[in-house]
Amino acid sequence: MPSEPSVPFEPPVPFTVALRRAAAPDATAAADVWLHSFATALPTVVSPRSAAEVRDYFREVVVPLRETWVADAGDAGGIVGVMVLKDDELSQLYLHPDWRGRGIGDRFVELAKERSPDGLSLWTFQVNKPAHRFYERHGFVCAEYTDGSGNEEREPDVRYVWRP
């Protein structure tokens, strides 16, 4: 019996995605979005932490101690995105791969700018060209390239800044 071709995930229509502050019960789902997105978008970058360590970090540090936001698609998909702000730094923005291209990242950046109206900075890996295009489209400009010696992954990165 031939196998059926895989079909891209399509959420039920209509659907809404709420951006809201993360709460303790969201930590594992947010970490899972991070893990899945990282593996898909950055297949050549080696994470220095195991999946269990990432989940612990989200549960013990990211959600309780950082300004963490989630994109919640409810019954259509649960937690499908995560954004973390630390002062004027956009330190994390990850979307589940099936939910990219739906405007959620745009909404997260808009929210980050509202939360930090005097400006933002962020780091992304040099190999992540789609992220470069995304942030540049939102008015971020490259401020610095490094050899990666300052990050856990030891992967060359680039710092972007946005000023109003």
Could you check whether any side-chain N or O of [X] sits under 3.5 Å from a backbone N or O of [Y], counting only pairs where one atom can act as donor and the other as acceptor?
X	Y	result
T68	V62	yes
T40	H36	yes
R154	S149	yes

- Working for salt bridge (charged side-chain N to carboxylate O under 4.0 Å, His left out), residues R55 and D32: CA-CA 7 Å; R55 289 183 186 102; D32 288 343; 2.6 Å; yes
- Message: Is there a side-chain contact (heavy atoms from CB on, under 4.5 Å) between E155 and Q126? Walk through the geometry before answering.
- Response: CA-CA 8 Å; E155 181 72 26; Q126 289 182 27; over 6 Å; no
Partner residues of [X] under the ring pair (Phe, Tyr, Trp, His ring centres under 6.0 Å) criterion, sequence neighbours left out:
X	answer
F125	none
Y135	F140
Y145	none

- Message: Using the rule that Ile, Leu, Val, Met, Phe, Trp and Tyr join whenever any side-chain heavy atoms are under 4.5 Å apart, tell me whether L42 and V82 fall into a single cluster.
- Response: yes
Side-chain heavy atoms of [X] within contact of [Y], under 4.5 Å:
X	Y	answer
D72	V80	no
V109	F134	yes
L19	F108	yes
F38	V54	no
N128	R133	no
L111	W69	yes
S37	R100	yes

Using a 3.5 Å cut-off and no angle test, enumerate the donor-acceptor pairs between side-chain atoms of residues 84-96 and protein atoms at least two apart in sequence or in another chain.
residue : atom : partner : partner atom : Å
S91     : OG   : V84     : O            : 3.2
Q92     : OE1  : W34     : NE1          : 2.9
H96     : ND1  : D98     : N            : 3.1

- Message: Run the salt bridge (charged side-chain N to carboxylate O under 4.0 Å, His left out) test against R107 and tell me which residues pass, sequence neighbours left out.
- Response: none
Quick one: side chains of residues 156-164, donor-acceptor pairs under 3.5 Å with protein atoms, not counting sequence neighbours, listed by atom name and distance.
residue : atom : partner : partner atom : Å
D157    : OD1  : T146    : OG1          : 2.1
D157    : OD2  : N151    : ND2          : 2.9
R159    : NE   : E144    : OE1          : 3.1
Y160    : OH   : E136    : OE2          : 2.7

- Any chance you could measure E110, atom CD, to E114, atom CD, to the nearest 0.5 Å? 6.0 Å
- Item | Step-by-step side-chain contact (heavy atoms from CB on, under 4.5 Å) determination, E152 to R49 | CA-CA 9 Å; E152 290 180 312; R49 298 180 189 206; 2.8 Å; yes
- Message: Does this structure show an ion pair linking R137 with D106, if we count only N-O contacts that are shorter than 4.0 Å?
- Response: yes
- Query: Hey, mind stepping through R20 and D26 against salt bridge (charged side-chain N to carboxylate O under 4.0 Å, His left out) and telling me if it holds?
  - Reply: CA-CA 11 Å; R20 62 173 176 79; D26 300 319; 2.7 Å; yes
